[in-house]
Amino acid sequence: MPELPEVEVTRRKLSPLLVGRRIAKVHTTRPSYFFLTPPAELERALPGARVVGLARIGKYLLAGFDDGRRLLLHLGMSGQLFTEHASSVRLLSAATRASLAPDEQARFRPDVHTHLRLEFEDDGPELLFRDVRKFGKVRLLAPGQSDPRLDKLGTDALAATGAELFAATRKRRVAVKSVLLAQEVIAGIGNIYADEALYLAKLRPKRAAGRLTRAECDTLIAAAQQVLLRSIETGGSSISDYLAPDGSDGAYQDERHVYARTGEPCFGCGLAIKRIVIGARGTHYCPRCQR
DNA sequence: ATCTGTCCCTGGACGC
DNA sequence: TGCGTCCAGGGACAGA
């Protein structure tokens, strides 16, 4: 699932492939939850726009155009943003793969889940946005237009401080894990990195946020940033659907300490990693190392 | 104000 | 083998 590191890796790899290019034609699927801007409007309004930059805010990507408009993108749970040259088995379902010859199983073909296809005026590769579960989002913003989703985001996780977390959590009774996932407090952390950060900080996910000391807030933010930066270095986590724009997988899933390791031994003490549910999200921790 | 539960969606895992 | 059922989860929203 794409969180800050996956979105940042996508931004870094996509930026040189996108900036400077002018959109020629747009293909979409039918109107759905996925399209905050109706697909017909994207098809009409995007051709002619030249990309001048690609920014990230929390888990959102913002492509800027030469006329001041911006395209807001969110990868949701299963979003994949890649070029037509990308090659990966993650681009096809198991059933589709099974029906193909082995040497055909990694090649991408636009399918019913490929909701956005951008062709450019040059001869370079198309850009594709595929999202099986359709929790992703696309919205075209007029020059100067804001979006409530962006406006309410808290400080980006890479820039957040312990002092901010401490201030935001006073008198709050919710689990600290829930606060880490709240994008209006700190933007960019999702389920994997929340669990990993809490493990590194040796904190129980269920601890009431308001009972964290100032020092614990410092430790937790430092742990979160360590985990996020390391994941960016390794190309993010490719646990289910995520892949980079060139089709490559990240490697951070191999460095996980707790996420989806239920029942396996803690690397610190050997005790079995436990799984509980907090705020309808699976939560993994070591009952001995995290207090 | 804060918190909890529900919903959106689909493929894959699992059980019989 | 094949079918049905359950589960994953980011974020918006309704209701307590």
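Sequence lines set the chain letters: A, B, ... in the order given, protein chains first and strands last, and positions in each chain run from 1.
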Listing, residues 36-49 of chain A side-chain donor-acceptor contacts under 3.5 Å, not counting sequence neighbours, or none:
from, atom 1, to, atom 2, distance (Å)
T37(A), OG1, L140(A), N, 2.8
E43(A), OE2, T28(A), N, 3.3
E43(A), OE2, T28(A), OG1, 2.7

Would you kindly say whether Q80(A) and H113(A) are connected by a side-chain donor-acceptor distance under 3.5 Å?
->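 Short answer, no.
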Between [Y] and [X], is there a salt bridge with N-O shorter than 4.0 Å?
| X | Y | answer |
| --- | --- | --- |
| R22(A) | D122(A) | no |
| R50(A) | E121(A) | no |
| R56(A) | D156(A) | yes |
| D147(A) | R70(A) | no |

Hey, what are the protein-to-nucleotides 5-7 of chain C N/O distances that come in under 3.5 Å?
none

State, to the nearest 10°, the angle formed by the axis through the first five base pairs of the helix from dT2(B)-dA16(C) to dC16(B)-dG2(C) and the axis through its last five.
->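 Inter-axis angle at the termini of the helix from dT2(B)-dA16(C) to dC16(B)-dG2(C): 50°.
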Please list, chain by chain and in numerical order, all residues satisfying ring-ring contact (aromatic ring centres under 6.0 Å, His included) with Y285(A), sequence neighbours excluded.
->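 ring-ring contact (aromatic ring centres under 6.0 Å, His included) list for Y285(A), sorted by chain: empty.
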F129(A): what forms a ring-ring contact (aromatic ring centres under 6.0 Å, His included) with it, not counting sequence neighbours?
->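 ring-ring contact (aromatic ring centres under 6.0 Å, His included) list for F129(A), sorted by chain: F34(A).
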May I ask you to test the D111(A)-R130(A) pair for a side-chain heavy-atom distance under 4.5 Å?
->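 Yes. Closest side-chain heavy atoms under 4.5 Å.
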So which protein N/O to nucleotides 12-16 of chain C N/O distances come out below 3.5 Å?
from, atom 1, to, atom 2, distance (Å)
dA12(C), OP2, K152(A), NZ, 2.9

Ignoring hydrogens and geometry, is there a side-chain-to-backbone donor-acceptor pair from R256(A) to Q253(A) under 3.5 Å?
->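 Yes: the side chain of R256(A) pairs with the backbone of Q253(A).
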Mark this stacking check for F135(A) against dG11(C) as yes or no, applying ring centres under 5.5 Å and ring planes under 30°.
->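 Taking the rule of under 5.5 Å and under 30°, the ring of F135(A) does not stack on dG11(C).
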Could you state the atom-to-atom distance from [atom1] of [X] to [atom2] of [N] in whole Å?
| X | N | atom1 | atom2 | result |
| --- | --- | --- | --- | --- |
| Y242(A) | dG9(C) | OH | P | 19 Å |
| L75(A) | dG10(C) | CG | C1' | 11 Å |
| L153(A) | dG10(C) | CG | P | 15 Å |
| N191(A) | dG11(C) | CG | P | 11 Å |
| I192(A) | dG10(C) | CD1 | C1' | 12 Å |
| D241(A) | dG10(C) | CG | C1' | 14 Å |

Output the residues of residues 169-183 of chain A in contact with DNA chain B, where contact means a heavy atom of the residue under 4.0 Å from an atom of the strand; sort by number or write none.
->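 DNA chain B contact set from residues 169-183 of chain A: R172(A), R173(A), V174(A).
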Hey, can you pull the residues of residues 243-251 of chain A with a non-hydrogen atom under 4.0 angstrom from DNA chain B?
->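 None - not one residue of the stretch has a heavy atom sitting under 4.0 Å from the strand.
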Linked hydrophobic residues, Y60(A) as query - side chain contacts closer than 4.5 Å =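 Members other than Y60(A) - counting any ILVMFWY side chain reachable under 4.5 Å - are I57(A), L62(A), L72(A), L141(A), L150(A), L153(A).
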Quick one: is the NZ or CZ of R139(A) closer than 6.0 Å to the six-membered ring centre of F35(A), and within 45° of its axis?
->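 Here R139(A) fails the 6.0 Å and 45° test against F35(A).
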Please identify each residue that fulfils side chain to side chain donor-acceptor pair (under 3.5 Å) with D151(A), with sequence neighbours left out.
->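 Result, side chain to side chain donor-acceptor pair (under 3.5 Å) vs D151(A): S146(A).
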Minimum-distance pair of heavy atoms, taken over all atoms of A86(A) and L91(A) =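 Minimum heavy-atom contact is O-CD1, 4.1 Å.
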Just call it for G136(A): base, sugar-phosphate, or nothing, with non-hydrogen atoms closer than 4.0 Å on any strand.
->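 Nothing, no heavy atom under 4.0 Å.
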Applying side-chain hydrogen bond (donor to acceptor under 3.5 Å, both in side chains) between S237(A) and each of Y193(A), Y242(A), Y252(A), report the one that passes.
->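 Exactly one candidate clears the test, Y193(A).
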On DNA chain B, reading 5' to 3', which nucleotide is the first and which the last to sit with an atom under 4.0 Å from a heavy atom of chain A, could you check?
->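 Terminal contacting nucleotides, 5' to 3': dC3(B) to dG12(B).
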Give every donor-acceptor pair under 3.5 Å between a side-chain atom in residues 162-181 of chain A and any protein atom, sequence neighbours left out.
from, atom 1, to, atom 2, distance (Å)
E164(A), OE1, T161(A), N, 3.0
E164(A), OE1, T161(A), OG1, 3.3
E164(A), OE2, T155(A), OG1, 2.4
T169(A), OG1, L165(A), O, 2.8
T169(A), OG1, F166(A), O, 3.1
R170(A), NE, F166(A), O, 2.8
R170(A), NH1, G210(A), O, 3.1
R170(A), NH1, L212(A), O, 3.1
R170(A), NH2, L212(A), O, 2.9
K177(A), NZ, N191(A), OD1, 2.5
K177(A), NZ, D195(A), OD1, 2.6
K177(A), NZ, G282(A), O, 3.2
K177(A), NZ, T283(A), OG1, 3.1

